[in-house]
Number of protein chains: 2
Amino acid sequence: MKKANTIIDALSIDCLIFGFKNSELDILLVQHGEGISKGKWALPGGWIKYSEGMDEAASRILKALTGVSNIYLEQLRAFGRVDRYPTKRVITIAYYALVKPEDYTLQAGFTAADAKWFKVNDVPLLPYDHPSILKQALEYLKHKLRHEPIGFNLLPKKFTLLQLQELYEALLNKKLDKPNFRRKLMNMNLLVPCQEKQTDVSHRAASLYRFDKKIYDKLAERGFTFEL
Amino acid sequence: MKKANTIIDALSIDCLIFGFKNSELDILLVQHGEGISKGKWALPGGWIKYSEGMDEAASRILKALTGVSNIYLEQLRAFGRVDRYPTKRVITIAYYALVKPEDYTLQAGFTAADAKWFKVNDVPLLPYDHPSILKQALEYLKHKLRHEPIGFNLLPKKFTLLQLQELYEALLNKKLDKPNFRRKLMNMNLLVPCQEKQTDVSHRAASLYRFDKKIYDKLAERGFTFEL
DNA sequence: TATCTTATAGTAAATTTGACTACAAGGTAG
DNA sequence: CTACCTTGTAGTCAAATTTACTATAAGATA
């Protein structure tokens, strides 16, 4: 058995952290502070150790490079084109998460010189096969958003129906009808009314709602499936 | 750079080949002919070489162990619990495919003593984390079958609507209404009539249809999504 | 107070779904 | 040859859902 703390040199992790701000989708990138691609912006990534699980490695690496911790990372898939990495054969396992950027303070560390949010439609040229990974992750994300209630991760705890609608309009890239969107959501019995209204808006205040995973799980058990 | 033909010793591939026969879902397993789990039935798997892509490795391994070749394998995801493999740390990448068993002649080879189809509901106790991989693959498969037109892989080129319906009834584990099922499929404009009828049946012969991926792709471009 | 913006209710046609009925087209058994 | 199986295929009808709207309410601002 190899030493526990040694890295598995053919296996890396890359993280795709998506955020939603000002009706736009962002992705978290880090600037390499050393190594062959010094100065370049890339997906936060690193090596897996013999002694740690993959999920664990993803969390550790993300935290070390960007300061972002305590988020739920999910595996996307492995990428392993023979020539994807310049100096040796490396297969990477991509993880993704959806977060609210304002919840996190970025703090570049370890081999990262800087960490920053970029609009997904306006990222610098990424190294290796990162462009392809990003593209596939976006595809997957769009699909997943329509079939699972994960979009709520991108909104504040309490949100209005219009905020939710705008999120979906931005992600699906099309306009939706307000009354119909509202009715559809309400009929799902998924949203919990907070019995509160918006404040600080210069127009009629909208009701606030929150998403409750427990309720969703209960509905899902009975065969309900979220579709938008 | 390591020698091209050397294996990456922390990385393996496992294949989940599903077949459909007699209204039941089968999975292809191999019996280990050597090594620490000699005699046991397990998912066909092996090591990735430095010089080959992952998909390529999956095809090579499947062919060597079972004789099955020329099938479209798709990656499921990577599995990497620290203790999943007894003697060293191994992360495995799971691939799956859907095929018609009658199209293939099994031919055990390489480290496999035997290769055989098992009903998914009646597999022997599998080694390592293979039970967990199989479980997740089945979940994934069921979901995918309802949202993408991959079930056609399991039928002959030309099939009747009832055959298709029975496939879905078996996979989704519920009865469907014949006229309604038929109408739904026909309204998709997805199936191409072969202008032919069944032969050798002791009752009224049904029309034969075929699935055309090109038509599906065209529909998909226009925003159509397959749902069943 | 008029007017602007956004919230929310409602409505009516079109489409889709679900549960059924009816009949057609062959085969098979008597 | 005929009655009667079995399966294929068409059609009906009510219920539910979706889509495209209209209308009105509630505040905020000029």
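So that the names make sense, note that chain A is the first sequence line, chain B the second, and so on, each numbered from 1.
Put simply, the side chain of A/V68 does not reach to within 4.5 Å of the side chain of A/V99, judged on heavy atoms. Residues A/L141 and A/L16 are not in side-chain contact: their nearest non-hydrogen atoms beyond the backbone lie 4.5 Å or more apart.
In this structure, B/F181 and B/Y168 have tilted ring planes: the angle between them lies in the 30° to 60° band.
Within the nucleic acid shown, B/L162 comes within 4.0 Å of sugar-phosphate atoms alone, with no base atom in reach, counting heavy atoms only. Nucleic acid contact for B/T160: none, since no nucleic acid atom lies under 4.0 Å from a heavy atom of the residue. Base contact: A/R183 has a heavy atom under 4.0 Å from a base atom. Residue A/K184 is classed as a sugar-phosphate contact, given heavy-atom separations below 4.0 Å to backbone atoms only.
Atom CG of A/D217 has more than 12 heavy atoms from other residues, nucleotides or ligands within 6.0 Å. Taking a 6.0 Å sphere around NZ of A/K100, one finds it holds more than 12 heavy atoms contributed by other residues, nucleotides or ligands. Taking a 6.0 Å sphere around NZ of B/K135, one finds it holds 12 or fewer heavy atoms contributed by other residues, nucleotides or ligands.
Inter-axis angle, ends of the helix from C/dT1-D/dA30 to C/dG30-D/dC1, five pairs per end, rounded to 10 degrees: 10°.
With DNA chain C read from its 5' end, the first of the two nearest nucleotides for A/L161 and B/N187 is the one closest to A/L161.
The ring pair (Phe, Tyr, Trp, His ring centres under 6.0 Å) check on A/Y72 picks up nothing, with sequence neighbours excluded. Annotation: salt bridge (Lys or Arg N to Asp or Glu O under 4.0 Å) contacts of A/E196 (sequence neighbours excluded): A/K158. Evaluation of the ring pair (Phe, Tyr, Trp, His ring centres under 6.0 Å) rule for A/Y95 yields no partner, not counting sequence neighbours.
For DNA chain D, the outermost nucleotides in 5' to 3' order that have an atom under 4.0 Å from a heavy atom of chain A are D/dT18 to D/dT29.
B/L164 pairs in a side-chain contact (heavy atoms from CB on, under 4.5 Å) with only one of the listed residues (B/F152, B/Y209, B/F211), which is B/F152.
A/M186 has its CE atom 12 Å from the C1' atom of C/dA7, to the nearest Å. Nucleotide C/dT5 holds its P atom 11 Å from the NZ atom of A/K178, rounded to whole Å.
B/Q31 contributes no side-chain N or O that, together with a main-chain N or O of B/A113, makes up a donor-acceptor pair within less than 3.5 Å.
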In 5'-to-3' order, the base (B), backbone-only (S) or no-contact (-) status of each nucleotide in nucleotides 20-30 of chain C, using a 4.0 angstrom heavy-atom cut-off, is BB--BBSSS--
